Number of protein chains: 2
Amino acid sequence: MSAGEADHPAARLDDVVHQRVRLGILTVLDEARRADFAYLRDELGLTDGNLSRHLRVLDQAGYVAIEKAFEGNRPRTWVSATRQGKAALAAEVGALRELLDGLDGRRSPS
Amino acid sequence: MSAGEADHPAARLDDVVHQRVRLGILTVLDEARRADFAYLRDELGLTDGNLSRHLRVLDQAGYVAIEKAFEGNRPRTWVSATRQGKAALAAEVGALRELLDGLDGRRSPS
């Protein structure tokens with residue numbers, strides 16, 4: 001970190017990953033490797049439109065891969081995290097952990 | 001939590017507190033009790049305009065109290081977290097911790 005930059009961990013959070021819906025999507029994908037559209041939507045309590053919008057942001061950042069497939073004649077949309085997406089989640093988790101540790105250090109246990 | 005609701009911790013994050021600048025502000029205020037405008041701005045690496053905008057959102061939610069005062073003839077703006085603001089930060093921290101714990105549980109140490 002260069003001198004003169006803010007060194008608060010919140011200054012290192014990246015909106016692309018930090019935004020709560022997108023953080024939820026990447027977290028589910030970290031747990032599930034890949035997930036279909038309906039699973040993500042239900043797991044995170046989203047509408048179709050809201051999930052689509054945030055998947056588009058993650059896709060444009062190169063953080064997810066989206067694959068459309070047919071099972072029988074039922075279309076399914078599969079989503080998985082890319083290597084870059086995993087790295088971005090790891091950076092977010094590191095900053096969040098530092099932020100939470102800072103709060104803990106100040107707080108008495110009672 | 002009622003049946004039918006999404007139970008993923010990301011679904012419990014509140015944008016008012018989760019947004020990265022506002023999370024930073026509430027975190028600094030948790031550490032500092034109160035902080036002046038310039039300190040918050042520099043600590044979080046923000047512009048005046050950006051900090052003002054996010055303080056307005058937090059103020060409208062009842063999460064911060066803003067007090068303008070003169071020291072000699074130098075105006076200062078003091079910001080502190082309200083009881084509601086502290087409760088909102090605590091809820092955010094709880095949801096984040098659950099989210100991070102879920103990730104840890106899935107990850108092998110190597």
Side-chain angles (χ1 to χ4, degrees), chain A residues 1-33 35 38-47 50-51 54 81 86 88-108, chain B residues 1-33 35 38-47 50-51 54 81 86 88-108:
Chain A
M1 207 170 305
S2 64
E5 271 180 21
D7 61 356
H8 194 280
R12 298 207 319 271
L13 297 172
D14 169 8
D15 282 331
V16 175
V17 180
H18 181 71
Q19 194 280 338
R20 74 174 187 83
V21 172
R22 296 192 289 266
L23 180 58
I25 293 169
L26 288 175
T27 306
V28 171
L29 294 178
D30 185 85
E31 290 159 6
R33 311 269 153 163
Y39 179 82
L40 280 171
R41 180 194 61 208
D42 297 343
E43 186 73 5
L44 297 167
L46 303 171
T47 61
N50 201 7
L51 176 55
H54 288 292
K86 286 171 213 239
L89 179 62
E92 162 84 11
V93 165
L96 284 179
R97 209 181 292 284
E98 197 182 313
L99 189 143
L100 293 179
D101 287 352
L103 287 172
D104 286 343
R106 300 285 176 162
R107 203 163 270 163
S108 65
Chain B
M1 207 170 304
S2 64
E5 271 178 22
D7 61 357
H8 194 279
R12 298 207 318 272
L13 297 172
D14 169 8
D15 282 332
V16 175
V17 180
H18 181 71
Q19 195 281 339
R20 75 175 187 83
V21 173
R22 296 193 288 268
L23 180 59
I25 293 169
L26 289 176
T27 306
V28 172
L29 294 178
D30 185 84
E31 289 159 7
R33 312 269 153 164
Y39 178 82
L40 279 172
R41 180 195 60 208
D42 297 343
E43 186 73 6
L44 297 168
L46 302 172
T47 61
N50 201 7
L51 176 55
H54 288 293
K86 286 171 212 237
L89 180 61
E92 163 84 9
V93 165
L96 284 179
R97 208 180 293 284
E98 197 182 314
L99 189 143
L100 294 178
D101 287 351
L103 287 172
D104 286 342
R106 300 283 174 163
R107 205 164 268 163
S108 68

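As the structure is a computational prediction, the values presented were derived from the model and not from experiment. Lettering of chains follows the sequences in order, A, B, ..., and the numbering in each one begins at 1. Hydrogens, waters and symmetry mates are skipped; everything else that's a heavy atom, side chains included, is used.
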Legend entry - Side chain proximity check, A:H8 to B:T27, heavy atoms < 4.5 angstrom: yes
Legend entry - Any side-chain heavy-atom pair of A:H18 and B:H18 under 4.5 Å: yes
Inset, instruction - Dump the intermediate steps for side-chain contact (heavy atoms from CB on, under 4.5 Å) on B:D14 and A:R20, then the final yes or no. - result: CA-CA 8 Å; B:D14 169 8; A:R20 74 174 187 83; over 6 Å; no
Inset, instruction - Answer whether the closest heavy-atom distance between the side chains of B:L103 and A:L89 falls below 4.5 Å. - result: yes
Legend entry - B:L100 side chain near A:L100 side chain, heavy-atom distance below 4.5 Å: yes
Inset, instruction - Give the minimum heavy-atom separation between A:A11 and B:L44, together with the two atoms involved. - result: CB-O, 3.8 Å
Legend entry - Closest non-hydrogen atom pair between B:A10 and A:G24, with its separation: CB-CA, 3.4 Å
Inset, instruction - For residues B:L99 and A:V93, determine if any side-chain heavy atom of one lies less than 4.5 Å from a side-chain heavy atom of the other. - result: no
